[in-house]
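In what follows, a single structure is set out as structure tokens and then discussed.
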Amino acid sequence: MLAGCSATTIVVDGSYPSPLVRKLPLTIGVYYPEELRNFAYTEIDDNSGKDQYIVQSGTSQLELFNTVLPALFENVVMLDSLENANSENGIDAVFVPEIAEFQLGLPQKTKLKVYEIWMKYNMKLSKANGDYIADWVMTAYGKSPQENLQSVDSGVQGAAVVAMRDLAASLTLGFTTVPEVNDWLKANNYVTE
Amino acid sequence: MYKLMPVLLAVTVLSGCTTTEIDEFRQGTTSLNVGESIVILGRRQNNNYETEGDFVECVANVVGGGKDGITVVPEQEFLDAMFPFFEPRTAPMRTTHLKQLMEIDQAKERLAQYGIEYIVWLDGLTQRSQQAGTISCTIGPGGGGCFGFGTWQDDSNFEAEVWDLDTLESVGSISTDAVGQSYMPALVVPIPLIARVEANACSGLGNQLKQFIAGKD
């Protein structure tokens, strides 16, 4: 009886492939904010107003960035805090991904036959001393078709993995095309175009 | 056994009421040499639906099965190996996009490693309509049972477009339309007489695709 009233926790668990791209000749410091590390989204039941599902995706998001960034940059240095960036030798820039929004679309609410997840990130790139280089927004979307006898956990997992892959694809293919990033890369001769 | 024959016959006849229509359009020659392979991918960029992974796998099994089976690279293995170039938002939609992709050395080399000669794009879905009838079930101390009748129609529409990685052009397409009516009479026990619509669409499309790629039609 008590179990029926509590929210269901869904832990997103996915493995992500390493992107097939040429590495940029950069040493990047990466800092994951606490909000990203422990990110959890709570879906509220429209009828009762209570927590219905808790989607924990922090660990999976870190796994995604830990797979993508070493494929995108020559060297990646993990930072415990932003203050450490200046003391680390040879860091060209510091990358900080921040999650800004997370939305979940459940078939029982949207009346569509798909589970959907939409995420919005604020990506920040700065110099090792903290000076601003770029700040841009990225969105990711994933959907997974609703199947017979499928659990909500499985549907949400499917949509989350597709959304994460979408984010990784956009970051990989779009990083050098962010205007401020591109200007900085060209100014420092990291890329020619 | 002989008493069961009419029942088995009725089930076979009723469950088999599916019609499948296959159309082929060829605009280039095709052939596959030893060591060459193909990949079959589902289109997933549409807002309203996405081609089911199970259907893609089913067609791949038909194309890869039998004595004249073709080597088909599994879809997920290909998507992971080519990441991030074939994701829903980044996959080439036209052959002009494929030409741009082939200008990226890493992508071109990886496709060559797999020996992929043709990419087949599958796009479509199965829709249910004309649902009618009701079945009610009751249960009591003396037992239970169902009574009633239900029926529905399934319609599978899929198209396979074949891209040649040598010419970087489309060499043709095959479309299939399978329609079938399913019935569920219930006299104490419900007896599902399901039309195997998607399965028929899969086998029809898969076999035609195999012939098409081998250049046998």
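All values below were derived from every heavy atom in this structure, side-chain atoms included, with hydrogens, water molecules and symmetry-related copies excluded. Per chain, numbering begins at 1; letters A, B, ... match sequence-line order.
No more than 12 heavy-atom neighbours from other residues, nucleotides or ligands sit within 6.0 angstrom of NZ on A/K113. Dense packing is recorded around NZ of A/K109, with more than 12 heavy atoms of other residues, nucleotides or ligands lying under 6.0 Å away. B/Q127 CD: 12 or fewer foreign heavy atoms inside a 6.0 Å radius. Counting non-hydrogen atoms of neighbouring residues, nucleotides and ligands closer than 6.0 angstrom, the CZ atom of B/F147 reaches no more than 12 such neighbours.
In terms of heavy-atom proximity, B/N46 sits nearest to A/K143 at O-NZ, 2.8 Å. Annotation for A/A168 and B/F83: closest pair CB-CZ, 3.5 Å, computed over non-hydrogen atoms. Summarising the geometry of B/L79 relative to A/R165, their closest heavy-atom pair is O-NH2, 3.6 Å, with the distance given to 0.1 Å. Of all non-hydrogen atoms in A/P145 and B/E50, the two that sit nearest each other are CD-OE2, 3.2 Å.
With rounding to the nearest 0.5 Å, the separation of CG in A/L20 from CD in B/Q106 is 6.0 Å.
Heavy-atom distances place the side chain of B/F85, and not its backbone, under 4.5 Å from chain A. A/S18 touches chain B through its backbone: at least one of N, CA, C or O sits under 4.5 Å from a heavy atom, while the side chain does not.
Note: B/D80 leads B/D80, B/T90, B/I104 in heavy-atom pairs under 4.5 Å with chain A.
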